[in-house]
Amino acid sequence: MNINIKSTNIEITPAIKDYVEKRINGLEKFIHHVVDEGVQAWVEIGRTTRHHQTGNVFRAEMQIRIPDYKPGVRAEATLDDLYAAIDKAHDELKLELEKVKNKKISLVRKGARLFKRLIPFLNKYE
């Protein structure tokens with residue numbers, strides 16, 4: 001999986017980069033049915049503004065584009081802690097990927113059910 005990390009109003013430290021990569025790579029089990037080379041992930045993290053009166057407000061946005069699924073999957077979170085924002089966006093992205101995976105599985109099962117119903121008719125004409 002190709003992961004692109006972008007930061008806004010903060011500097012990406014190796015610890016932040018490793019944490020983001022670990023969280024994104026944990027989602028591979030939901031997209032294992034797709035070739036890894038075609039999957040791309042974009043992560044944007046940063047502070048919303050530089051002059052907040054109540055402290056820093058961090059934002060994390062994650063997008064994953066799957067070749068067979070045109071709109072892609074996207075999640076965004078805004079919290080007062082960077083790691084918490086990354087975790088919340090990760091959880092939302094995980095839910096969206098589960099929906100995509102379940103949709104593909106249900107389409108395959110629907111086709112199998114249809115074929116199973118057609119088998120008696122095919123045997124009748126043999």
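Hydrogens, waters and symmetry mates are skipped; everything else that's a heavy atom, side chains included, is used.
Atom-to-atom distance recorded for T48:OG1 and L79:CG is 11.0 Å, nearest 0.5 angstrom. Rounded to the nearest 0.5 angstrom, R47 CZ and N56 CG are separated by 5.0 Å. Here NZ of K29 is found 8.5 Å from CG of L27. Values are rounded to the nearest 0.5 Å.
Of the options L93, D91, V43, a side chain to side chain contact (heavy atoms under 4.5 Å, CB included) to R23 is made by D91 and by none of the others.
Qualifying side-chain contact (heavy atoms from CB on, under 4.5 Å) partners for K99, counting only residues two or more places apart in sequence or in other chains: E96. Remark: T13 pairs with A15, I16 by the side-chain contact (heavy atoms from CB on, under 4.5 Å) rule, at least two apart or across chains. Annotation: side-chain contact (heavy atoms from CB on, under 4.5 Å) contacts of I119 (sequence neighbours excluded): F115, N123. By the salt bridge (charged side-chain N to carboxylate O under 4.0 Å, His left out) test, R74 is found to be paired with E61, E76, residues two or more places apart in sequence or in another chain being considered. By the side-chain contact (heavy atoms from CB on, under 4.5 Å) test, N25 pairs with I3, E21, E28, sequence neighbours left out. Considering only residues two or more places apart in sequence or on other chains, D80 meets the salt bridge (charged side-chain N to carboxylate O under 4.0 Å, His left out) condition with none of them.
The hydrophobic cluster containing Y83 also contains F58, counting ILVMFWY residues as joined when their side-chain heavy atoms lie under 4.5 angstrom apart, directly or transitively. A continuous path of ILVMFWY side-chain contacts below 4.5 Å connects V20 to I10, so both sit in one hydrophobic cluster. Both L82 and I12 sit in one connected hydrophobic cluster of ILVMFWY residues. Membership requires side-chain heavy atoms under 4.5 Å apart, directly or through other members. In terms of hydrophobic clustering, with Ile, Leu, Val, Met, Phe, Trp and Tyr side chains grouped at heavy-atom distances under 4.5 Å, V39 and L97 are assigned to a common cluster.
Counting only heavy atoms from C-beta outward, the side chains of K17 and I5 approach each other to under 4.5 Å. Counting only heavy atoms from C-beta outward, the side chains of Y19 and D87 approach each other to under 4.5 Å. Side-chain contact between I64 and Q40 is absent, with no heavy atoms from C-beta onward closer than 4.5 Å.
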Practice problem: Go through the steps to decide whether E44 and S7 satisfy the test side-chain hydrogen bond (donor to acceptor under 3.5 Å, both in side chains), and finish with yes or no. | Solution: CA-CA 6 Å; E44 184 177 348; S7 67; over 6 Å; no
